[in-house]
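Chain letters run A, B, ... following the sequence lines, proteins first, then strands; residues in each count from 1.
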Amino acid sequence: MAREVRSYRDLPLNLYQIQTKFRDEIRPRFGVMRGREFTMKDGYSFDRDEAGAEESYRAMVEAYRRIFRRCGLQFGVVEADPGAIGGSFSHEFMVMADTGEEAIHVCGACEYAANAEKTPVRLALPAASGGKIEKVHTPGARTIGEVSAFLGVPVDRLTKTLLYLADGKPVAALVPGHRELNETKLKNALGAAELVMADPETVQRLSRAEVGFAGPVGLSGARVLADPSLQGRAGLVLGANETDYHYVGAQEGRDFRADAFADLTLAQEGDPCPRCGKPLAVRRGIEVGHVFKLGTKYSASLGASYLDEKGESQTIIMGCYGIGIGRTVAAAIEQNHDADGIIWPVPLAPYQVDVIPVNAADAPSREKAEALYRALEGEGVEAALDDRDERAGVKFKDADLIGFPYKLVVGPRGLKEGKAEVKSRRTGETQMLPLEGAAAALGERIRKDAGAPS
RNA sequence: CGGGGCGUAGCGCAGCCCGGUAGCGCACCUGCUUUGGGAGCAGGAUGCCGGCGGUUCAAAUCCGCCCGCCCCGACCA
């Protein structure tokens, strides 16, 4: 694109491709949801300025909403972490499903919805009094639970010190004892590309103690980041960097000093909504689409620029947009099935109609069924003809399992009145149609179903 | 790389704990009936019980080793 785009007249530009991608997954999982090979639609927008880029982004979000709505999906658009792809902000399209692989937070009171790792947390810890720092013997107490039980101190008075290697450099992260660290937040706070928990050898080297007794007091060789709730806080219980010892009564700013403060904790169910303060609920979702506002991250580094009206060189503003095709289909099935099988939403159905001659031995049924099948094709409907020599029940059950939105049943019973029966897979509702014009009527109905529902 | 599970008839499984010569459903074969929601009845065939070794009068069953597959976690869209 850097070579293709010259002038502001070439912008905005929006390109997409649909192709097979490969990721070297350590372990493929969730059936078709996470394999090493998958099909993805990805698209990229190129704009002259921020306003244009934002408009492209907004239009793409709206297009994605419509696509997923037509796929018959119940989904949410959530704020997400841009992750390795980078960029200034991003949204994920999450299909709500209990089998989903990602936790998301939703607020029942307002519109807030976000990837669980994205939700900001502002902790309000109970007031704690000072006192002086003291080293106490805590034999064998390594975990927060053990230390809390041993000292008889509530867990929110303790402080977790977690040692990480950020791009190879040691970092100590401090969070209140009753909360989990959010590694994504820590990674972002450090601006690190790679973050791994320190291995036991490194922990022992840094804390000069066995694993489980690390703390910030007297810790050298590691940058210390702490949750803002710990700033200046007194009465802390901390690892003493000595096997079987903890400090009590420690105070940030007096006994040790954090190098920086940042929101590091993982939001959990019941935490206040960052927008309206009501408690958040946790739900699970399947990520089917992801949009990123990239800004100039890639265009700048790849030298993608254009000449504006004044002939001055400007950097192109980019966005990037992806849909996981296979998992979208999987998610659609997840949300559209019953005990008998798949219920394809019409726009996704590989075939919209299964034409079933009820008794293959009955020549009139067979002939009328075939005629209807051809007529449907003439209507532009994708139809299948089940001309197998099977009992009617078998064909019905198979049609249900495969999920054809409609069955068109042709048998002696209906033919006596010159009619065929249409049955909806979703509602089970049936309707007798005169053979004459049955294909046209059904075609009409399918075209209506296929259009974007409200 | 860590944790767990499973290998028995074509397919899905029970039997294993408590050792006694292998069973259920579906599919299959034969006959009759049935034919608009996975047909019914009667009769029939089917097994190196993952492999190797050990214990025992006797091993699908107990013990050891090996092989294969699956699930969970670390990773990730």
Rounded to whole Å, please give me the gap between CZ in A:R36 and C1' in B:rC75. 11 Å
Whole angstrom is fine here: how far is it from CZ in A:R413 over to C1' in B:rU35? 13 Å
Does A:E370 have any salt bridge (Lys or Arg N to Asp or Glu O under 4.0 Å) partners at least two apart in sequence or in another chain, and if so, which? A:R374
How is A:G322 classified with respect to the nucleic acid when contacts are heavy atoms under 4.0 Å: base, sugar-phosphate, or nothing? nothing
Using distance only, find each side-chain donor-acceptor pair of residues 173-181 of chain A under 3.5 Å and give its atom names and separation, not counting sequence neighbours.
from	atom 1	to	atom 2	distance (Å)
A:R179	NH1	A:D271	OD1	3.2
A:R179	NH2	A:L266	O	3.0
A:R179	NH2	A:D271	OD2	2.6

Are any of the side-chain nitrogens in A:E379 or A:R447 under 4.0 Å away from the carboxylate oxygens of its partner? yes
Span that lies between the P atom of B:rU61 and that of B:rG20, in whole angstrom: 11 Å
Give each protein N/O atom lying under 3.5 Å from an N/O atom of nucleotides 31-33 of chain B, with the pair distance.
none

For atom CG of A:D389 and atom C1' of B:rA39, their distance in whole Å: 14 Å
Could you tell me how far B:rA45 sits from B:rG53 if I compare only their C1' atoms? Round to whole Å. 35 Å
Using the P atom in both, what is the distance from B:rA14 to B:rC24, to the nearest Å? 16 Å
Take atom C1' in B:rA58 and the same atom in B:rC62, then report the distance between them in whole Å. 13 Å
Closest heavy-atom pair and its distance - A:S365, A:V410: O-CG1, 3.7 Å
Ring center gap for A:Y57 and A:F89 short of 6.0 angstrom: yes
Which nucleotide sits closest to the side chain of A:R391: B:rA77, B:rG36, B:rA39? B:rA39
Please list, in numerical order, the residues of residues 417-427 of chain A that have a heavy atom closer than 4.0 Å to any atom of RNA chain B. A:E421, A:K423
Base, sugar-phosphate alone, or nothing: which one does A:G326 contact when heavy atoms must sit under 4.0 Å apart? nothing
B:rC49 and B:rG23, which share atom name C1', separated by this distance in whole Å: 12 Å
Show me the pairs that pass side chain to side chain donor-acceptor pair (under 3.5 Å) and involve residues 349-360 of chain A, at least two apart or across chains. A:Q352-A:E382
Selected nucleotide, minimal atom distance to A:D398 side chain, candidates B:rG38, B:rC75, B:rG36: B:rG38
Over how many whole Å does the gap from A:K416 atom NZ to B:rG36 atom P extend? 12 Å
Members of residues 349-362 of chain A that approach RNA chain B, where some heavy atom sits under 4.0 Å away: A:V358, A:N359
Would you confirm whether A:K169, through its side chain, and A:R223, through its main-chain N or O, come within 3.5 Å as a donor-acceptor pair? no
Might you point out which heavy atoms bring A:Y112 and A:L280 nearest each other, and give the distance in Å? CD2-CD2, 4.0 Å
How far apart are the C-alpha atoms of A:F93 and A:H290, what are their side-chain angles, what is the distance that settles it, and do they pass the ring pair (Phe, Tyr, Trp, His ring centres under 6.0 Å) test? CA-CA 6 Å; A:F93 290 75; A:H290 203 155; 8.9 Å; no
By nearest atom, which of the nucleotides B:rG36, B:rG38, B:rA77 is closest to the A:V409 side chain? B:rG36
For A:F396 and B:rG36, say yes or no: do the ring centres fall under 5.5 Å of each other while the ring planes differ by less than 30°? no
Taking the six-membered ring for Trp, are A:Y64 and A:F68 parallel (under 30°), tilted (30 to 60°) or perpendicular (over 60°)? perpendicular
Pairing of A:R48 and A:E54 as salt bridge, 4.0 angstrom limit: no
C1' spacing across the pair B:rG50 / B:rU8, given as an integer number of angstrom: 10 Å
Base, sugar-phosphate or nothing for A:G411? Non-hydrogen atoms, less than 4.0 Å. base
On a whole-Å scale, what distance lies between the P atoms belonging to B:rU21 and B:rA60? 10 Å
Salt-bridge present (A:R142, A:E210; N to O < 4.0 Å): yes
What distance, rounded to whole Å, do you find between the two P atoms, one in B:rC32 and one in B:rC70? 46 Å
Derivation of the side-chain contact (heavy atoms from CB on, under 4.5 Å) call for A:M94 and A:I286: CA-CA 5 Å; A:M94 304 292 290; A:I286 299 166; over 6 Å; no
